[in-house]
Each structure stands twice: as structure tokens, then as C-alpha cells.
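Input: a single structure, listed below in C-alpha cells.
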Amino acid sequence: MRRNLGRAQAFFLPRRVAGRKKEADAREGRVERSLDTLIQEDLGDKPYRSIEGDLRTGILILCDHAENIIPDSYANLGLRSEDLNRHIAYDLGAAPVAERLAELLSAPALLSRFSRLLIDPNRGLDDPTLIMQISDGLVVPGNAALDEAAIAARVARYYTPYHQAIERAIDAGIAAGKPPVVVSVHSFTQAWKGVPRPWSVGVLWDKDPRLALPLLEGLRTIPGIVVGDNAPYTGQLKGDTLCRHGTRRGLAHALIEVRQDLILGPEGQAEWARRLAEVLRKVVRLGGPLHAIEIHGSYTDIASAQGPNGEDAATGGMTEAIRTELEAEAFRRLLAHLRGRHDVQNIELMELAGFCRNCLSNWYQEAAAAKGVALSKEEAREIVYGMPYETWKALYQTEIATKRRKRT
């Protein structure tokens with residue numbers, strides 16, 4: 001059933017209940033619903049969708065990579081249709097799990113409605129993987145050489161409205177007197193680069209342990225599964241969704257990753273939604289600091305409190321000048337390492353780390369410009385490569401790398 005209520009905030013108001021049983025359930029904080037009766041927005045061209053929920057649950061469900069939608073105007077970003085059914089375009093199985101989890105908990109939920117290949121809402125705006133040019137070995141032609149205007153257009157059309165909707169949902173929960181815990185649902189591939197992943201589910205988190213630790217404890221009581229603590233990825237990602245809406249706002253939060261082969265069908269999706277709901281119910285009943293606003297910070301924070309003489313208290317007396325010297329030395333060692341590893345192609349760096357030697361050159365040039373130093377693109381590349389770029393390509397760029405770069 002779909003209904004257009006006119007304002008996104010309307011979907012985060014508590015539901016009205018009728019009848020004696022429903023009133024009793026409401027007093028106990030229970031609202032029973034089925035997935036096919038969840039009231040959802042008339043989506044139109046919104047880059048997200050909302051599922052109504054009861055603010056008294058104190059939970060907000062998110063799904064950053066819910067769908068693989070790419071508007072016709074982008075011509076599939078130059079990819080084949082079958083490529084959009086891969087994990088590079090969205091998190092397979094995550095959306096149905098998030099929907100059913102919202103149903104079981106009577107909690108509000110927000111799900112993206114655009115492919116992560118257009119722009120990844122789970123990245124900071126300054127993250128080099130915000131718009132991927134190469135993903136799992138596949139070149140994305142429609143993302144190559146985007147200018148600032150094209151990037152800004154995607155930010156305005158997809159990224160910003162999604163995050164604004166999250167902000168409104170959180171504000172509504174705080175205004176109702178119960179700051180929500182934020183749970184983000186993702187999925188991961190069962191193998192990476194041919195190596196099987198043993199985890200059934202992972203909990204990703206940063207410095208705030210309030211939700212993550214009891215969630216890990218609860219999941220570990222489920223027989224026959226392997227639980228990852230900050231695996232297969234880490235929750236310490238600067239500027240990602242939970243950094244932005246959890247860490248910076250002082251809300252308890254965690255990202256849950258479920259292995260994709262376990263949730264490809266309706267049965268697995270329902271089973272994992274049930275498992276997560278049971279664990280989350282027990283955790284949220286703990287109450288207390290879970291619904292307090294507490295700033296725990298992040299391991300990705302660079303700036304920290306300074307001592308009375310200007311030293312950095314968090315780093316054992318390190319001053320900003322010393323920090324700069326150490327970072328410069330680390331950068332020099334990185335360049336020396338890359339210059340000695342001609343066997344590692346730029347395209348391999350992009351696939352595995354989201355950056356390459358050319359990215360370093362661009363960043364070097366941008367840093368020089370910020371300091372008023374004139375440095376051409378070729379000059380910056382020669383600093384990074386240790387020789388003219390064309391010379392390096394002639395000597396070390398392999399035929400395989402060239403073919404992979406041209407692949408669509």
C-alpha cells in the first residue's frame with residue numbers, strides 16, 4: 001500500500017492504533033505489522049524511500065546500497081545490464097533484510113534508491129572512492145574524467161537528499177524524547193579475489209562501543225555462524241554514513257554486514273531479519289546510555305586536544321610541526337616504495353585501494369596550488385613516478401594493464 005502524505009517527516013510519526021488489543025500493544029511499545037502493509041512513500045523520483053515506524057522503538061534502520069537504479073540519462077554508465085546485477089552496483093539482499101527488520105521492530109527505515117556506482121552515499125565527500133572509476137576490475141566509463149560540475153550534480157541529486165532524510169529522521173526521534181540507535185544494513189560477497197570469507201555476519205564500528213559490543217555478544221550466541229568484529233571491513237571510515245550521523249551526532253550506532261549467499265532468497269532474508277531483530281530487541285532493552293547523546297570521537301580523527309605547551313596530548317607530546325615532518329617522511333617512503341614496485345600497475349592499485357600513482361600526482365599538484373606554488377600536471381607526475389610519466393609508461397605499463405583499462 002502506498003500513500004503520499006506530502007512530507008517526508010510524516011513517516012516518522014508514531015502510528016495510530018485502534019482497538020483494545022492494539023492499545024494494549026502500544027502501551028507495551030509493540031506494534032504488529034506485516035511487510036505488505038508497511039506504509040511507504042509515493043516515491044516519484046526521490047533518491048530514497050522511507051518506511052514508517054514507531055519512534056518509541058528508539059531505532060532507525062538504514063540501507064545505503066539498497067538498489068542498483070541508474071536513470072536512463074546515464075546510459076548505464078557505459079556498462080552492460082548484467083554488470084548492474086553484481087555487488088559493484090548494490091548490496092545484494094540487503095534491502096529485503098532491512099525492510100523485514102523494520103517490520104519486525106516496528107522501526108522507521110530509510111533506503112537509498114540509486115546505485116552506488118552513480119555515487120556512494122556511504123563515503124565522505126572527499127573520499128576518492130565516492131564515485132568509482134574502477135570497481136572489482138571493471139572500468140566504469142561513465143565515471144571517467146568527471147568534472148566538478150558533474151560530480152556536484154550527482155551530490156545534489158542523490159547524495160544530499162538521502163543524508164538530509166536521515167538527518168530529519170534523527171531529529172524527529174530526538175524531538176520525541178528518544179534519540180535513536182542507528183543500524184545500517186549491508187551485505188558482502190562470500191569470496192574476494194578468489195579467497196572465501198568465513199564470516200556469516202560482521203559488525204563494523206569505530207570508537208563508540210555502546211551498540212556494537214552488545215550486538216556482537218548477542219550475535220555470537222546464534223549457533224553455527226561465524227561473527228566478524230570489524231570484518232570483513234572496518235567501521236573506521238572517515239565521513240561514511242555512520243561517522244556522519246552516528247559518531248558526529250553522538251548516537252549509538254553500528255553497521256551490520258551479512259554475507260550475500262545467505263540472503264539471496266526470501267527464506268534467507270526472512271531468517272536473517274528475524275535473527276537480527278531478536279538480538280536488537282534484547283540489546284535495546286538495555287536502554288541507559290544507548291539512547292543518550294555521547295560524543296566518543298573516531299579513530300580517524302586527526303586533530304586532538306593539545307597540552308599546555310602546544311603538544312598533542314593524544315600522541316605523547318607530538319607537536320603539529322613534528323606531525324607534519326613524520327607525514328612528509330611517510331609520504332617519501334611511499335613514493336620510494338612505489339618507484340621500486342614497477343610490477344604493480346596503476347589499475348591494480350585502483351581496484352584494491354581506490355587510488356593510484358596518478359591520484360597521488362593530482363593531490364600533490366592540488367596541495368602545491370593551495371600554497372601558491374605553480375606546478376604543472378606533468379611536473380607533479382614526475383615527482384611521484386621519479387621520471388617523466390611517458391617514460392614510465394613505455395618502460396613499465398604492461399599490455400595486460402592497457403587491455404584492462406579499455407575493458408567495459
Side-chain angles (χ1 to χ4, degrees), residues 28-35 38 51 53 57-66 87 90-107 109 111 180-206 208-236 242 246 252-291:
E28 295 297 322
R30 300 190 304 270
V31 181
E32 295 183 1
R33 299 181 295 174
S34 63
L35 188 61
L38 285 177
I51 296 177
T57 63
I59 301 172
L60 175 62
I61 308 295
L62 304 178
C63 189
D64 296 322
H65 303 146
H87 72 95
Y90 72 122
D91 281 359
L92 282 72
V97 171
E99 291 169 345
R100 292 179 181 274
L101 184 59
E103 171 201 2
L104 293 169
L105 296 175
S106 301
L111 299 87
V181 299
V182 184
V183 180
S184 186
V185 179
H186 289 244
S187 69
F188 65 96
T189 57
Q190 57 266 36
W192 183 248
K193 303 296 183 184
V195 179
R197 287 166 156 173
W199 311 281
S200 309
V201 62
V203 176
L204 278 51
W205 58 294
D206 196 352
D208 187 344
R210 290 175 292 168
L211 179 60
L213 291 185
L215 191 56
L216 283 165
E217 183 179 351
L219 288 170
R220 286 169 179 153
T221 65
I222 300 174
I225 70 169
V226 178
V227 181
D229 182 351
N230 268 328
Y233 311 110
T234 176
Q236 299 164 19
L242 291 184
H253 59 278
L255 189 152
I256 298 175
E257 291 267 8
V258 185
R259 205 174 70 214
Q260 287 175 358
D261 61 313
L262 302 176
I263 54 172
L264 290 181
E267 291 185 5
Q269 293 157 4
E271 174 66 12
W272 273 97
R274 182 190 62 78
R275 287 173 166 176
L276 296 177
E278 288 178 355
V279 172
L280 280 167
R281 283 195 196 100
K282 293 176 182 178
V283 171
V284 172
R285 286 195 194 110
L286 298 174
L290 273 177
H291 298 292

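Any value given below was found using the heavy atoms of this structure, including those in side chains, with hydrogens, waters and symmetry copies removed.
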* To do: Please report the shortest heavy-atom distance between Arg281 and Leu104, naming the atom on each side.
  => NH2-O, 3.0 Å
* **Atom pair CD1/CZ of Ile61 and Arg100 - distance to nearest 0.5 Å** => 14.5 Å
* Under the side-chain contact (heavy atoms from CB on, under 4.5 Å) criterion, do Ile51 and Glu103 qualify, and how do the steps go? -> CA-CA 9 Å; Ile51 296 177; Glu103 171 201 2; over 6 Å; no
* Structure fact -> Rounded to the nearest 0.5 Å, the CH2 atom of Trp205 sits from the CG atom of Leu213 at a distance of 4.5 Å
* Asked: With distance as the sole test, does Arg197 use its side chain to make a donor-acceptor pair with the main-chain N or O of Thr189 at under 3.5 Å?
  -> yes
* Structure fact -> When every non-hydrogen atom of Trp199 is compared with those of Phe188, the smallest separation belongs to O-CZ, 3.3 Å
* Asked: What's the shortest heavy-atom distance between Leu215 and Ala254, and which atoms?
  -> CD2-CB, 4.0 Å
* Structure fact -> For Leu105 and Ala277, the nearest pair of non-hydrogen atoms, with its separation, is CD2-O, 3.8 Å
* How long is the gap from NE2 on His65 to NE2 on His87, to the nearest 0.5 Å? -> 12.5 Å
* Judged by atom type as modelled, is there a donor-acceptor pair below 3.5 Å linking the side chain of Gln269 to the main-chain atoms of Ile263? -> yes
* Should we count CD of Glu278 as having more than 12 external heavy atoms under 6.0 Å? -> yes
* Structure fact -> Tested for side-chain contact (heavy atoms from CB on, under 4.5 Å) against Leu204, the lone hit among Thr234, Asp229, Leu255, Ile256 is Leu255
* Asked: So how far is it from Glu257 CD to Asp91 CG, rounded to the nearest 0.5 Å?
  -> 6.5 Å
* Under 4.5 Å between any side-chain heavy atoms of Arg275 and Ile225, yes or no? -> yes
* **Stepwise side-chain contact (heavy atoms from CB on, under 4.5 Å) check, Leu219 with Leu276** => CA-CA 8 Å; Leu219 288 170; Leu276 296 177; 4.0 Å; yes
* Grab the two heavy atoms, one from Leu211 and one from Ala252, that are nearest each other, plus how far apart they are. => CB-CB, 4.2 Å
* With the side chain counted from C-beta on, respond yes when Val227 and Ile222 share a heavy-atom pair under 4.5 Å apart, and no when they do not. => no
* Structure fact -> For Thr57 and Ser106, the nearest pair of non-hydrogen atoms, with its separation, is CG2-O, 3.5 Å
* Asked: Got Val284 and His291 here, is their nearest side-chain heavy-atom distance under 4.5 Å?
  -> yes
* Got a second to check how far Leu286's CG is from Arg210's CZ, nearest 0.5 Å? -> 12.5 Å
* Which value, rounded to the nearest 0.5 Å, describes the distance between Leu280 atom CG and Arg285 atom CZ? -> 11.0 Å
* Asked: Do any N or O atoms from the side chain of Ser187 and from the backbone of Leu92 form a donor-acceptor pair under 3.5 angstrom?
  -> yes
* When you check the gap from the basic side-chain N to the acidic O, do Arg274 and Glu271 get nearer than 4.0 Å? -> yes
